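As the structure is a prediction and not an experimental result, all values here were calculated from the model.
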Amino acid sequence: MNNRDLKRRLYIIIFRSDTPNGKLFDVVLLWAIVLSVVLIVAESMKGLPPIMKTVFMVSEYVFTFFFTLEYICRLYCSPHPKHYALSFFGIVDLVSTLPLYIGWIFGPMRYLMIVRTFRLIRVFRVFKLFSFLEEGDMLMRSLLASSRKILVFFLFVVIMVISLGTVMYMVEGNVEGTPFTDIPTSIYWAVVTMTTVGYGDIAPVTPIGRLLSAIVMLMGYTILAVPTGIVSAQFIYDREKLRVPKRKCPECGNSVTAKAHYCSFCGKEL
């Protein structure tokens, strides 16, 4: 178990995609992920012959055994097993192997194996598409930086749908045969209408109710654009901040803008 040479060779194959064996392993792994996801989707289809159901089931067991063995090998050869286990890929690798085992107790849970699609993110590392990873990282940082603003906006939307649903119940609730039977149902209508989904299962019949529906629909178009604008503005801000030329202060060593005349940290003239 403590064979260092074996660990080193496994580490090169499993974690180093810049080597021939490592890249071959990652390509095989990616194809196995794709095939396992396709089988999961196909196995859920109705009307398949019993023989196909059996083939899909056996294939799921084979792929799950392969992914379980791969996860154990990653833990075995990793220099820091705990760090890998708690990393994003480590958690995804573990979660992608558990559903079938959980499915032995809770049948439908095995379809959560579809989470294996997240493992396809490794394609960026395998084929050196690091520019895409940098853009994705910047987008993620913009989302995190905008999270408070989006949370405040979401709270405002929740208040709006509750208020509009209550008003609609007051308008339509006394009409005979109305689908607006209670305030929760009316709030559901407000959510569906404001998001412009429009299932059509609940619709007002009075003129005032229809006028209110039209107002909610128009509000929905403007409200849906706000989170996009918040994230886009933050994304542009982050990109522009990265483009600002900087230099180090000779006194304290902190980075300041190249056009600054004084250091914003220690005050030394530049």
Side-chain angles (χ1 to χ4, degrees), residues 37 40-47 88 91-92 95-96 99 102-103 105-118 120-121 135-241:
V37 170
I40 295 168
V41 174
E43 194 265 337
S44 67
M45 298 171 62
K46 306 297 182 183
F88 171 77
I91 295 173
V92 171
V95 172
S96 66
I102 299 175
I105 304 173
F106 306 102
M109 289 292 292
R110 64 192 184 87
Y111 289 112
L112 288 177
M113 287 187 292
I114 203 73
V115 76
R116 288 174 186 165
T117 51
F118 283 98
L120 293 176
I121 297 175
E135 296 295 331
D137 181 63
M138 183 176 293
L139 178 60
M140 182 61 66
R141 283 190 279 109
S142 299
L143 287 171
L144 292 175
S146 308
S147 59
R148 292 186 179 181
K149 297 177 184 177
I150 295 175
L151 182 61
V152 172
F153 174 75
F154 178 74
L155 179 61
F156 168 76
V157 172
V158 170
I159 294 171
M160 285 290 295
V161 296
I162 292 174
S163 303
L164 291 169
T166 303
V167 171
M168 182 57 78
Y169 174 71
M170 294 169 58
V171 173
E172 295 279 332
N174 295 324
V175 179
E176 185 178 355
T178 178
F180 296 88
T181 54
D182 48 53
I183 291 180
T185 302
S186 301
I187 293 174
Y188 161 76
W189 165 86
V191 173
V192 171
T193 305
M194 185 171 288
T195 55
T196 69
V197 175
Y199 290 125
D201 54 343
I202 301 177
V205 294
T206 64
I208 298 178
R210 290 175 177 174
L211 176 61
L212 181 60
S213 293
I215 294 173
V216 174
M217 292 174 196
L218 293 175
M219 288 176 58
Y221 282 109
T222 56
I223 287 176
L224 289 176
V226 173
T228 305
I230 293 174
V231 176
S232 299
Q234 184 66 43
F235 188 78
I236 294 172
Y237 173 77
D238 290 341
R239 287 186 67 91
E240 291 299 325
K241 188 168 63 174

J.: Among V175, T185, I202, whose side chain to side chain contact (heavy atoms under 4.5 Å, CB included) with F180 holds?
T.: I202

J.: Would you list the pairs meeting side-chain hydrogen bond (donor to acceptor under 3.5 Å, both in side chains) in which at least one residue belongs to residues 147-161, sequence neighbours left out?
T.: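 Those involving residues 147-161 do not exist here.
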
J.: Compile the donor-acceptor pairs under 3.5 Å between side chains in residues 189-198 and protein atoms, sequence neighbours left out, one pair per line.
T.:
residue, atom, partner, partner atom, Å
W189, NE1, T193, OG1, 3.2
T193, OG1, W189, O, 2.8
T195, OG1, V191, O, 2.7
T195, OG1, V192, O, 3.2

J.: Any idea which heavy atoms bring I187 and V161 closest together, and the distance?
T.: CG1-O, 4.1 Å

J.: Rounded to the nearest 0.5 Å, what separates atom CD1 in I208 from atom CG in L212?
T.: 9.5 Å

J.: Mind checking what makes side chain to side chain donor-acceptor pair (under 3.5 Å) contact with S186, not counting sequence neighbours?
T.: none

J.: Could you note down all residue pairs passing side-chain hydrogen bond (donor to acceptor under 3.5 Å, both in side chains) where residues 168-180 supplies at least one of them, sequence neighbours left out?
T.: E172-T206

J.: List the residues meeting side chain to side chain contact (heavy atoms under 4.5 Å, CB included) with I150, not counting sequence neighbours, and say none if there are none.
T.: S146, I230, V231

J.: Scan for ring-ring contact (aromatic ring centres under 6.0 Å, His included) pairs involving residues 147-167, sequence neighbours excluded, and state none if there are none.
T.: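 Sorted result for residues 147-167: empty, none.
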
J.: Show me the pairs that pass side-chain hydrogen bond (donor to acceptor under 3.5 Å, both in side chains) and involve residues 152-166, at least two apart or across chains.
T.: none

J.: Give me each pair satisfying side-chain hydrogen bond (donor to acceptor under 3.5 Å, both in side chains) with a member in residues 209-223, each pair once, sequence neighbours excluded.
T.: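 Passing the test, one end in residues 209-223: no pairs.
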
J.: Excluding sequence neighbours, so at least two apart, what forms side chain to side chain contact (heavy atoms under 4.5 Å, CB included) with I215?
T.: L211, M219

